[in-house]
There are 2 protein chains.
Amino acid sequence: MNYIGEAAPDCRAADAIVAQIEQRIAAGVLVDASPLPSERELMLEFGASRTVVREAITALSNRGLIECKPRFRPVVRRVGYETLMIATGPVIRQLLNDPRGVKSLYDMRVFTERGLVRDAALRATKSDIQNLKAALAANQASISDSDEFYRTDTAFHGTLYQISDNPVFPAIHQGFFSWLAPHWDRMQRLPERNEQNYLAHKTIYEAILERDPDAAEDALIEHLAAAWEFVRDTFDWEDDATR
Amino acid sequence: MNYIGEAAPDCRAADAIVAQIEQRIAAGVLVDASPLPSERELMLEFGASRTVVREAITALSNRGLIECKPRFRPVVRRVGYETLMIATGPVIRQLLNDPRGVKSLYDMRVFTERGLVRDAALRATKSDIQNLKAALAANQASISDSDEFYRTDTAFHGTLYQISDNPVFPAIHQGFFSWLAPHWDRMQRLPERNEQNYLAHKTIYEAILERDPDAAEDALIEHLAAAWEFVRDTFDWEDDATR
DNA sequence: ACGCTATTTTTGTCGTACTAAACTGAGTGA
DNA sequence: TCACTCAGTTTAGTACGACAAAAATAGCGT
């Protein structure tokens, strides 16, 4: 069995072109945000037919390395960790068709944030804490406006993802947010629930302030468990534990 | 701004076909491991040219929803969490061109396993512990055979990923393993290092046995930090902190 | 120098054709 | 009867040409 991300020994002509272009993007020959050469140029350059060139382009597009607007030139996009989320998007959407997929993903989120708040409690800098405080204040200020509260809620959690200096985390936050959003949009939002969530955030914040990772983790678990109860009702899962 | 995993209002004909086929796979009309209809059939069915059909097929292939061997019929593959890793593979490879990418990913692994060992210490069942014990024994038995040790080492960590009942974790383990493997292959392996790693595994195991999450986490951190020191040397990073 | 229009590219899609490989079934031999 | 071989058929991979529509560009007029 091969590795997961492998390429079989190139049998398709397009794969070779894909590899070449990938390399050029990595090497910086093709600069970020600049358009790809036209298909004809690529044909000449690689000595392939337009069919193959176009196939390569779609492949690169699906991999998230270039951005293809319908009738425009493809644009090179230097890969960042957001690109990961683009590539995973379609698959995730498939997985979320099954409510269990939503649960699994949500559990992943809980797992991640548990680790994050622990780390925050242990290693948050002054500036981190200031950011958290600001996010919390914004959160409190918007309790009565459910839409705005949703945004500041997300932002508060996002701040947690930024405390770690690992650039992967903000991308993951973006991913969780956009994947789970459709399900959260269906949840009814009420000021009293907002209040409850705000208080949970506050508890987490204070635990971080007191450098108490266990308390922070417990508060987060309780917070997200409560939130899950709100969301689970929006599913029309027919409780088919069989399938 | 759109969601991350969205599809723009279909302007490309292929996208419509992709969506249709995606839906059929999700609905179970196209069964797992069964071949896709031939391109001609799809042409007739969707009233599109072969070009478009083929484009849709490559897209599905890149998304990991079907498996395309060079001259064979594409095979439907019901998406699981491994599919995620397939989709992310190419992007990850790009990110790993930069040593900082390797570091970020490795840190993600450390972060993940820290949470996993904590959970294991708190919630591992008898059967989990038995699995860990077996993995540890296999690990010990292969200290002198570096190749075999590498396998059992990976398996030991993999056991940690399986303790959580979340199916995402085993997939993540597969991902970490295959992405980081190329770098680890370059690391020289010596029996004494194997011994050292085995002892670290044993410490982790014992901490889990004693239901001590902090000790387990600390042992894991130390273990992976030491392993990182071994790997970092294999990079030819010119210490360009500028870029 | 600026805005509008006409011309040229370029992309998206279609059709056809040809090659080589995989699939199918009939026929042959043990 | 079964397995095996070999031709014929189907299909994927690739190439070439064509055309409409949209974008990019050049040219024109003011």
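The structure presented is a predicted model; accordingly, all values stated were derived computationally and were not measured. To find a chain, count down the sequence lines: A is the first, B the second, and so on, and within it residues start at 1.
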What heavy-atom pair brings Ser104(B) and Asn166(A) nearest, and what distance separates the two atoms? O-ND2, 2.9 Å
Integer-rounded Å distance: dG13(D) P and Phe46(A) CZ: 20 Å
Under-3.5 Å N/O pairs linking protein and nucleotides 16-20 of chain D:
{"residue": "dA18(D)", "atom": "N6", "partner": "Arg50(A)", "partner atom": "NH2", "Å": "3.3"}

Quick check: does any side chain N or O of Arg73(A) sit under 3.5 Å from a backbone N or O of Leu36(A), one acting as donor and the other as acceptor? yes
Length of the line joining Leu42(B):CG and dA12(D):P, which is rounded to integer Å: 9 Å
Under 3.5 Å, is there a donor-acceptor pair between the side chain of Ser61(B) and the main chain of Ile57(B)? no
Between Val76(A) and Leu65(A), does the side chain to side chain contact (heavy atoms under 4.5 Å, CB included) criterion hold? Intermediate values first, please. CA-CA 6 Å; Val76(A) 178; Leu65(A) 275 76; over 6 Å; no
Check: Pro167(A) main-chain N/O paired with Tyr161(A) side-chain donor or acceptor under 3.5 Å: no
For side chain to side chain contact (heavy atoms under 4.5 Å, CB included), just list the numbers for Asp119(A) and Phe111(B), CA-CA rounded to whole Å, side-chain angles, deciding distance to a tenth of an Å, and then say yes or no. CA-CA 10 Å; Asp119(A) 279 356; Phe111(B) 176 88; 3.9 Å; yes
Which of these nucleotides, dA24(D), dT11(D), dT13(C), is closest to any side-chain atom of Glu55(B)? dT13(C)
Nearest-nucleotide wise, let me know which of Arg73(A) and Val52(A) is further upstream toward the 5' end of DNA chain D. Val52(A)
What is the separation between atom CD on Glu39(B) and atom P on dT16(C), rounded to the nearest whole Å? 16 Å
Identify whether any heavy atom of Arg54(B) sits under 4.0 Å from a base atom; if not, whether one sits that close to sugar-phosphate; answer base, sugar-phosphate or nothing. base
